Amino acid sequence: MPKFYITTSIPYVNAKPHIGHALEFVQADVIARHRKMRGEQVKMTTGGDENSLKIVLAAEKLGKSAAELCEENSGRFKELAEMIELDYDAFVRTSIDPGHKKVAQALWKACDGAGDIYKKKYGGLYCVGCELFYTENELDGGLCPEHKTKPEFVEEENYFFRLSKYQGRLLELIESDQVKIIPDFRKTEMLNFIKSGLSDFSISRSISRSHGWGLKVPGDESQIIYVWFDALGTYLTGVGFASDQKEFDKYWPADMHVVGKGILRFHAIYWIAMLMSAKIKLPKSILVHGYVTVDGQKMSKSIGNVVDPIELVKKYGAEPIRYYLMKEISTFQDGDFSETKLRDVINNELVGNLGNFVNRTFVFINSKLDGRLAETGLGEGALLMKEIHDLVDLADKLLEEGQLNFAILKILEISSMGNRYFQENEPWKLVKEGDNEAAREVLFVCANIARILGIMLYPFMPCASEELLAQIGEKPGPIGDAKKIAASFEISKPRLLFSKVE
RNA sequence: AGCGAGGUAGGGUAGCCUGGAGUGCCCGCCGGGCUCAUAACCCGGAGAUCGGAGGUUCAAAUCCUUCCCUCGCUACCA
């Protein structure tokens, strides 16, 4: 059985989750569930990035310890993961996961052993909020462009990673898609970045600048491992690196890292170079999504428009949110969220189109045809069924390519075709005229379409999928089942899949 | 400044790579039909100089040149 190891990036837990985190969770989850439907053995990991100075600062502000803040916020991310139906196997918290510390240090030692880590004095204008050094011309009137605060001059001796050494190999790996970056325009960005020249980067911080928070550099108590070096290691931790060799050999390398556009560089360049240095196999692909704006505006605390996905799920349920994120937001580009739009989508698409088609089909069979349908053959519907099977194949292919929004569009199209077929064939008239056989044939086609919808919806809306299929006594199954015509149907009790919102 | 992504009916998008009647989708608007269904569904219509200007071509939203505008990134932000 082929395996598929997919990861979400691990969010900074210095604040609550926002809708963008939900987007990434759902994207990864949809891909993972699709792979399961294809019969692959899927492993998915996520986690919390906790060893960062930002956490310490945020905690101090709130009068808490860093550990307490991590506990609290990681808890919220875990809650989001559960609520949004993320089917994950491991949630790696970098500050307390016992295996993770070993991983980070083993990774460090391996890079060190390869001669890629060296000490260097480094100084510059440092913004605490960003945790990074700025050059003069990056500053905005002498202030940090992000925080509008005056950066301080910091000088210290740090460990550096010899990134420059890997420039040529990185270029080739990405160019040739051995590490495939999806979509193409992100790949181009990375290639251009590499071509512009790579400098070595700092991978440690002094213990004082880190406020003592973080993982210690092996063999040097005075230095803390830089948060990214540490965080990327969670992808290894999640599948047993340095602890469970059998598990690791089975699942590594990762088949896909799902990340936001802002952190692509760390994955496509730093991470790959680190793994090469440590002589660990390389991940196969990186899928890069955009950011979510809210009502056309960038989300920010100062504007006060940060959307809390947990609240949203409580209000509307997980499935509509998943649907919205997958369909209304382009997989690779920035997309907008608005609650008004969400309501429209629920009422028009989930209730009016999809839910209604399934409901009118099942209710009709139940009330006019005794709840049963024997094999009737597809009759005139055979042609339609062929078109629908083509859409199934297309959606399958789009899912494989990560084109999630196009895939779900195709699935909804199946539902539209069902509604049209139902309408044009007017089975209610056939029943009135006493031609139950003809009505049965129409409904046999419709029921099969509903069943296909049930199967194909699984990656996007697993609960709705289960609920739909349960009404005909089935469960979500392999994607191949979608193209098999069910022989007969028995409708237990039609139940609504989605409800209107006011 | 460099690099990247965009500019398609009132709004949001797809189509562009591999030219062929402005073609599609989700809303909104107008009109009609149906009554199985959660006033859901189906059909039809109005509405676009496909950012501007040149060019290639029998033919350009699509290819080339150029200009304008918006957004993102430019060493550590999902």
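Since we're looking at a predicted model, the values are computed, not measured. Within every chain, numbering begins at 1; the chains are lettered A, B, ... in the order of the sequence lines, protein sequences first and strands thereafter.
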Between [atom2] on [N] and [atom1] on [X], what's the gap in Å once rounded to a whole number?
X: A/Met190; N: B/G2; atom1: CE; atom2: P; result: 20 Å
X: A/Leu342; N: B/C26; atom1: CG; atom2: C1'; result: 14 Å
X: A/Leu412; N: B/C25; atom1: CG; atom2: P; result: 12 Å
X: A/Gln333; N: B/G12; atom1: CD; atom2: C1'; result: 13 Å
X: A/Ile411; N: B/C25; atom1: CD1; atom2: P; result: 18 Å
X: A/Met326; N: B/C26; atom1: CE; atom2: P; result: 20 Å
X: A/Leu80; N: B/A78; atom1: CG; atom2: C1'; result: 11 Å
X: A/Arg186; N: B/C73; atom1: CZ; atom2: C1'; result: 8 Å

Find which nucleotide of RNA chain B each of A/Asp334 and A/Glu189 is nearest to by heavy atoms, and output the residue with the more 5' nucleotide.
->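 Whichever sits nearer the 5' end wins; that is A/Glu189.
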On RNA chain B, check which nucleotide each of A/Gly260 and A/Asn192 is closest to and give me the residue with the more 5' one.
->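 By nearest-heavy-atom nucleotide position, the 5'-most residue is A/Asn192.
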Mark up nucleotides 32-44 of chain B, 5' to 3', with B wherever a protein heavy atom is under 4.0 angstrom from a base atom, S wherever such an atom reaches only the sugar-phosphate, and - elsewhere.
-> -BSSBBB-SBSS-
Do A/Phe337 and A/His18 have their ring centres less than 6.0 Å from each other?
->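 That pair fails the under 6.0 Å test.
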May I ask you to check whether A/Trp108 and A/Tyr159 place their ring centers less than 6.0 Å from one another?
->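 Ring centres of A/Tyr159 and A/Trp108 closer than 6.0 Å.
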Now, which nucleotide makes the Watson-Crick or G-U wobble pair with [N], with each of the two distances under 3.5 Å?
N: B/C63; answer: B/G55
N: B/U74; answer: B/A1
N: B/G24; answer: B/U13
N: B/U18; answer: none
N: B/G6; answer: B/C69
N: B/C41; answer: B/G33

Measuring only the [atom1] atom in each nucleotide, how far is [N] from [M]? A whole number of Å is fine.
N: B/G10; M: B/C30; atom1: C1'; result: 14 Å
N: B/G33; M: B/C25; atom1: C1'; result: 23 Å
N: B/C17; M: B/C77; atom1: P; result: 38 Å
N: B/A60; M: B/G2; atom1: C1'; result: 31 Å
N: B/U23; M: B/A48; atom1: P; result: 13 Å
N: B/C42; M: B/G4; atom1: P; result: 43 Å
N: B/G31; M: B/A46; atom1: P; result: 15 Å
N: B/U74; M: B/U57; atom1: P; result: 44 Å

With no angle test and no hydrogens, is the base of B/A75 tied to the side chain of A/Tyr270 by a donor-acceptor pair under 3.5 Å?
->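 Such a pair is found, so the answer is yes.
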Would you kindly check whether a donor in the side chain of A/Ser9 faces an acceptor in the base of B/A78, or vice versa, at under 3.5 angstrom?
->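 Between B/A78 and A/Ser9, which were checked side chain against base, a qualifying N/O pair under 3.5 Å is absent.
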Would A/Lys410 and A/Glu413 pass as an ion pair if we require N to O under 4.0 Å?
->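 Counted as a salt bridge, because a side-chain N and a carboxylate O are separated by less than 4.0 Å.
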Side-chain ion pair, A/Lys397 and A/Glu400, N-O less than 4.0 Å =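 Judged by the 4.0 Å cut-off on N to carboxylate O distance, A/Lys397 and A/Glu400 do not form a salt bridge.
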Working for side-chain hydrogen bond (donor to acceptor under 3.5 Å, both in side chains), residues A/Thr293 and A/Asp336 | CA-CA 5 Å; A/Thr293 57; A/Asp336 192 56; 2.7 Å; yes
Can you find a side-chain donor-acceptor pair between A/Arg76 and A/Asn73 that sits under 3.5 Å?
->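 Side chains of A/Arg76 and A/Asn73: pair found under 3.5 Å.
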Are A/Gln27 and A/Thr331 linked by a side-chain donor-acceptor pair shorter than 3.5 Å?
->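 Checked: A/Gln27/A/Thr331 side chains show no N/O donor-acceptor pair below 3.5 Å.
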Are A/Tyr12 and B/C77 close enough that a side-chain N or O sits under 4.0 Å from OP1 or OP2?
->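 A/Tyr12 to B/C77 OP1/OP2: side-chain N or O found under 4.0 Å.
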Across the strands shown, which category fits [X] at heavy-atom distances under 4.0 angstrom: base, sugar-phosphate, nothing?
X: A/Ile269; result: nothing
X: A/Ser196; result: nothing
X: A/Val431; result: nothing
X: A/Phe201; result: nothing
X: A/Gly335; result: nothing

Distance under 6.0 Å and angle within 45° of the ring axis: does A/Arg265 meet both against A/Phe193?
->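 Yes, A/Arg265 sits over the ring of A/Phe193.
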For the side chain to side chain contact (heavy atoms under 4.5 Å, CB included) test, which of A/Leu373, A/Val431, A/Leu430 pairs with A/Arg440?
->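 Among A/Leu373, A/Val431, A/Leu430, the one meeting side chain to side chain contact (heavy atoms under 4.5 Å, CB included) with A/Arg440 is A/Leu373.
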Using the six-membered ring for Trp and the full ring for Phe, Tyr or His, decide whether A/Phe406 stacks on the six-membered base ring of B/A14 (centres under 5.5 Å, planes under 30°).
->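 So A/Phe406 does not count as stacking on the base.
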What is the ring orientation for A/Phe25 with A/Phe77, classed by angle as parallel under 30°, tilted 30 to 60°, or perpendicular over 60°?
->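 Judged by the thresholds at 30° and 60°, the geometry between A/Phe25 and A/Phe77 is perpendicular.
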